[in-house]
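Below: one structure, written as structure tokens.
Just so you know, these numbers come straight off a predicted model, no measurement behind them.
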Amino acid sequence: MSQNLEDFSPVKLKNKKLQKGAAVASVAIVIVLIFGSGWAFGKGNITLSGLKNGNLAANTSSSLNYASVNDLYNQLKDNYDGTLDNTKVLDGLKSGLSSSAGDPYTEYFNAKDSKAFQDQLDGNFEGIGAELGTDSNKNVQIISPIAGSPAEKAGLQPKDIIAKIDGKSTEGLTVDAAVGLIRGKAGTDVKLELVRAGALVDVTITRAQITVPSVTWKEDGTIGILTVSRFGEDTPSLVAKAATEFSDKKVTGIVLDLRSDPGGLLDAAVKLSSQWLDEGKTVLLEKRGGKVEHTYTALGNPSFKGIKTVALINAGSASASEITAGALHDNKAATLMGVKSYGKGSVQQVLTLAGGGTLKVTIARWYTPNDINIDKQGISPDKEVKQADEDAKNGVDTQLQAALNNLR
């Protein structure tokens, strides 16, 4: 199972190990948290140094009182009929602390899950190949299946609600917990009970090793079709290769396919948008507390400037893909076609903790160049084109065909 890209994108990577060359200037919905010997929230006002001699040591200048946590730990230690694993105890404390924010996109990952997180950014994982999120009722739902994945082949659709995983109800489960249940070794099966349009649908999917390049491209006559399935480390270099090929073949129009793209790295979204926009043009605004903290602008040398472009979006287009769609639309560099996008307008930052764990935390909200926040609203296309189920079953891509017709 993919480590739900939508759930952490667009993302800023703070430490060099996680960056792997990604610019720290990646768009963020979350502002930097400072970590000392333990945890620090906000601007370093709170530090939890961990359990010491059975107690939770605290060093804080705030009014928070950890006596009840100490009491709970001591009661658990003294009365539990079993052996406590202090590593798991600390992981539980950290998970609870991050989830107390009440934000589905703020999460703690232990060392194992942190590796899975990085694998997902790199496009390598074992699972079914689907991104998860939550709806307004906190139900775990499919954001989008990855193209060519077992999830797509099994017919999973954006906004399918996952009611059960191998017979276990998802009620009350976090997205991360659901991911943990669905993820597994290649070749093994997972059974999902889905709610789709009010009906129950049972699906059994065989997990696989999945390596997905973030960008693919081809030509249809003189029109270039650029498909971005996620925003990863390889996105800028692959787009540059596509730009060279499109130039060599003298394409006269471009379809930028952002459908079912759950997002990824902010830096990649800025660089992709820059292929159409002059240096200095606004790509997005990052706001914290309603105030603009940073304005991200195009980098210059736009390979696709002036080439008529249609950007395709759908309900699975989220976060970084919405940033790109909004930037091109507001700068009048592309026409949007398809259906309304997912609607994720927050930015996360990934911070490394002692022991190999990481915190993914929402630090800010992003707005389009025209100062529009699409969070929970989505971006509406200039021209709505729905994909009929019957056409999809017959392999007819109604939306792509409409985009090609528009460019011709």
Side-chain angles (χ1 to χ4, degrees), residues 2-3 5-6 8-13 18-27 117-125 129 131 144-149 152 209-220 222-251 253-277 283-284 296 298-305 307 309-314 316-325 327-328 333-334 397 400 403:
S2 123
Q3 184 66 42
L5 269 173
E6 189 278 337
F8 60 75
S9 59
V11 64
K12 282 184 175 179
L13 301 181
L18 282 172
Q19 279 179 350
K20 288 189 177 179
V24 178
S26 297
V27 176
F117 180 93
Q118 182 60 52
D119 287 344
Q120 174 61 25
L121 286 177
D122 294 339
N124 300 310
F125 53 89
E131 285 71 41
S144 64
I146 294 173
S149 68
E152 183 187 55
Q209 177 67 43
I210 300 171
T211 301
V212 185
S214 66
V215 182
T216 58
W217 63 93
K218 61 182 179 180
E219 293 82 33
D220 187 312
T222 60
I223 297 174
I225 302 172
L226 186 69
T227 301
V228 183
S229 59
R230 61 183 172 82
F231 287 77
E233 302 281 358
D234 60 344
T235 302
S237 61
L238 291 174
V239 171
K241 290 180 181 179
T244 298
E245 183 174 311
F246 287 173
S247 177
D248 291 343
K249 296 190 176 180
K250 303 186 186 319
V251 301
I254 295 174
V255 176
L256 175 61
D257 193 347
L258 298 172
R259 292 175 298 174
S260 300
D261 180 333
L265 299 176
L266 169 63
D267 178 60
V270 173
K271 289 181 178 178
L272 177 61
S273 301
S274 296
Q275 292 286 350
W276 281 268
L277 306 177
V283 174
L284 79 156
Y296 292 87
L299 305 175
N301 299 315
S303 300
F304 301 143
K305 179 185 177 181
I307 299 178
T309 299
V310 170
L312 289 175
I313 57 174
N314 67 2
S317 303
S319 200
S321 56
E322 292 175 295
I323 286 173
T324 301
L328 299 187
D397 192 335
L400 177 59

Before you tell me yes or no, could you show the steps for E219 and V251 under side-chain contact (heavy atoms from CB on, under 4.5 Å), namely the whole-Å CA-CA distance, both residues' side-chain angles and the distance that decides it to 0.1 Å? CA-CA 8 Å; E219 293 82 33; V251 301; 4.2 Å; yes

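For S303 (side chain) and T244 (main-chain N/O), no donor-acceptor pair under 3.5 Å exists by modelled atom type. At distances below 3.5 Å, at least one donor-acceptor pair connects side-chain atoms of S317 with backbone N or O atoms of L258.
Using a 4.5 Å heavy-atom cutoff, the side chains of D220 and V255 are not in contact. Side-chain contact between R259 and L400 is present, with at least one heavy-atom pair separated by less than 4.5 Å. Inter-residue side-chain proximity for I323 and F231 is flagged as unmet; no heavy-atom pair is nearer than 4.5 Å. At least one side-chain heavy atom of V239 sits under 4.5 Å from a side-chain heavy atom of Q275.
Across all non-hydrogen atoms, the minimal contact from A320 to A269 is O-CB, 3.8 Å. The nearest pair of heavy atoms linking V310 to A403 is CG1-CB, 3.7 Å. In this structure, T309 and I307 approach most closely via the heavy-atom pair OG1-O, 2.9 Å.
For the 3.5 Å distance criterion, the side chains of D261 and S144 fail to qualify, holding no donor opposite an acceptor.
Under the side-chain contact (heavy atoms from CB on, under 4.5 Å) criterion, S237 pairs with D234, sequence neighbours left out.
The only member of I225, L238, T227, V228 that meets side chain to side chain contact (heavy atoms under 4.5 Å, CB included) when paired with W217 is L238.
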